[in-house]
Amino acid sequence: LDELSKSITIEITLHQLFGTISAPLKEQLTVALKELTGWHLPSHFRAQFEMLRSKSKRGSAAKGGLILDAVVSAAIDTQLAGQQPSSSLLAAYLADDTVQAMPIDERRGYLRSTMYSLLLAGLETSVSSLYFSLDLLSRHPEFQRRAREEVRAAAIDGEIGSDNLPVRLPFTMAVVHEALRLFPPVWFFGREAVTATKIMGEPISQGDIVLTSPYVIHRDPAHWQDPFVFQPERFLKQPALASGNPLYMPFGVGPRTCVGRWLALYQITLALAALIEGHELSSDGEERPELSSYFSLKTLKPIIIRVESCP
């Protein structure tokens with residue numbers, strides 16, 4: 001399941017970030033990204049690829065880092081030269097007036113940093129989200145059938161895109177929201193106190209690091225009905241649960257909410273839709289392996305599911 005989730009997430013992420021790229025470059029990027037396993041927390045926050053190269057313990061990962069760095073830089077140079085009009089996120093960032101006003105070297109550095117932030121920080125968490133979404137649907141065939149019927153009906157009416165996704169695939173998106181509630185990829189957040197304060201009567205000094213856990217909050221029966229049960233309908237009956245709800249925080253909350261929130265949500269939903277439209281997923285019946293995480297939530301052992309074509 002991990003390999004399946006990783007492959008399709010990489011495919012969709014590359015398309016959304018860079019638009020149409022040549023098959024050889026796409027293959028190089030895919031191989032490089034698959035080599036870069038076990039990323040560390042500082043790499044996500046700093047988005048500096050030198051960190052990945054210097055921290056790598058394997059020669060293959062270091063080679064993958066060099067390839068990825070070169071290909072991303074080439075994609076940015078192509079956009080800067082205006083050689084390939086695109087509806088990608090890279091093109092959208094480049095068209096911004098503030099970015100256009102930057103000196104060329106500063107513009108290139110900004111785009112490089114932004115693309116790495118979206119690619120590296122978002123990719124592993126998106127893989128984790130799709131991983132658990134597929135696992136949950138394989139264990140709940142009734143929800144899987146409902147989502148498949150929705151996807152097939154929506155596909156008849158034309159292409160499904162990010163502009164109409166919530167309207168065309170509301171239940172499929174609710175499945176993703178519920179998977180994010182039960183298994184938020186980033187299961188804890190840390191914030192530094194800029195001034196002394198109190199939280200629930202506990203004194204917090206300036207400079208203290210305060211941790212909170214979406215995984216714990218999302219399963220608190222004081223705030224969620226049947227918190228341990230997979231119920232996608234909760235997000236259909238109460239759409240506000242997924243928007244503006246401080247108790248639902250798979251992407252953080254407040255002014256520091258993840259910049260790639262909508263990118264991740266749409267790519268996970270589209271990836272899930274693409275997989276279930278023509279395939280049936282079935283669980284092997286084994287209990288879900290114990291969870292483990294450093295940055296993104298994972299299972300200690302692989303989850304095995306059967307994937308079969310369905311009419």
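Since the structure is predicted, the reported quantities are computational estimates derived from the model, not experimental observations.
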May I have the step-by-step check of side chain to side chain contact (heavy atoms under 4.5 Å, CB included) for L265 and L180, ending in yes or no? CA-CA 10 Å; L265 184 59; L180 288 168; 4.2 Å; yes

Taking it one step at a time, do L297 and Y131 satisfy side chain to side chain contact (heavy atoms under 4.5 Å, CB included)? CA-CA 10 Å; L297 205 60; Y131 180 83; over 6 Å; no

For W224, is the NZ or CZ atom of R181 found under 6.0 angstrom from the centre of its six-membered ring and inside 45 degrees of the ring axis? yes

Relative to each other, are the rings of F183 and Y215 parallel, tilted or perpendicular (30° and 60° limits)? tilted

Any heavy-atom pair between the side chains of V151 and R168 that's under 4.5 Å? no

If hydrophobic clusters are built from ILVMFWY residues whose side chains come within less than 4.5 Å, do V167 and L241 share one? no

Could you check C310, P141, S309 and say which one makes a side chain to side chain contact (heavy atoms under 4.5 Å, CB included) with E280? C310

Does CZ in R261 sit with more than 12 non-hydrogen atoms of other residues, nucleotides or ligands closer than 6.0 Å? yes

Quick one: sort the H177 and Y248 rings into parallel, tilted or perpendicular, breaks at 30° and 60°. perpendicular

Between the CG atom in L134 and the CD atom in Q144, the distance rounded to the nearest 0.5 Å is 9.0 Å

In plain terms, say whether E277 and R152 are close enough for a salt bridge, that is, a side-chain N and a carboxylate O under 4.0 Å apart. no

Would the number of heavy atoms belonging to other residues, nucleotides or ligands and lying under 6.0 Å from CD of Q225 be above 12? no

Say whether L247 and I199 are linked into one hydrophobic cluster, either directly or through other cluster members, by side-chain heavy-atom distances under 4.5 angstrom. no

Would you please test R288 and D135 for salt bridge (Lys or Arg N to Asp or Glu O under 4.0 Å) and show each step? CA-CA 9 Å; R288 183 177 295 109; D135 174 47; 2.6 Å; yes

Verdict with supporting geometry, L291 and L300, side chain to side chain contact (heavy atoms under 4.5 Å, CB included): CA-CA 6 Å; L291 298 177; L300 281 175; over 6 Å; no

Any side-chain heavy atom of R306 within less than 4.5 Å of one from L281? no

How long is the straight-line distance from CZ of R145 back to CD1 of I276, given to the nearest 0.5 Å? 12.5 Å

Drop me the distance from S243's OG to F235's CZ, to the nearest 0.5 angstrom. 11.5 Å

State whether D77 and R108 are salt-bridged, where the test is any N-O pair (Lys NZ or Arg NE/NH1/NH2 against Asp/Glu carboxylate O) under 4.0 Å. yes

Does the side chain of F171 come within less than 4.5 Å of E149's, by heavy atoms? no

Rounded to the nearest 0.5 Å, how far does CG of D96 lie from CZ of R107? 11.0 Å

Is there a donor-acceptor contact under 3.5 Å from the side chain of S88 to the main chain of A91? yes

CD of E290: more than 12 outside heavy atoms within 6.0 angstrom? no

Roughly how far, to the nearest 0.5 Å, is CD1 of I204 from CZ of R191? 14.5 Å

Side chain proximity check, V194 to Q206, heavy atoms < 4.5 angstrom: no

Would you say L182 and F188 are hydrophobically clustered, going by side-chain heavy atoms of ILVMFWY under 4.5 Å? yes

Heavy atoms, side chains only, cut-off 4.5 Å: are S129 and P185 in contact? yes

Under 4.5 Å between side-chain heavy atoms, hopping through other hydrophobics if needed: is there a path connecting Y93 to I104? yes

Run the side chain to side chain contact (heavy atoms under 4.5 Å, CB included) check on L136 and E178 step by step: do they pass? CA-CA 10 Å; L136 287 163; E178 181 69 342; 5.9 Å; no

Once you round to the nearest 0.5 Å, how far does CD of Q267 lie from CG of L270? 8.5 Å

Please report the closest heavy-atom contact between N245 and A240, naming both atoms and the distance. CB-O, 3.5 Å

Would you check if P170 and L236 make a side-chain contact, meaning some heavy-atom pair closer than 4.5 Å? yes

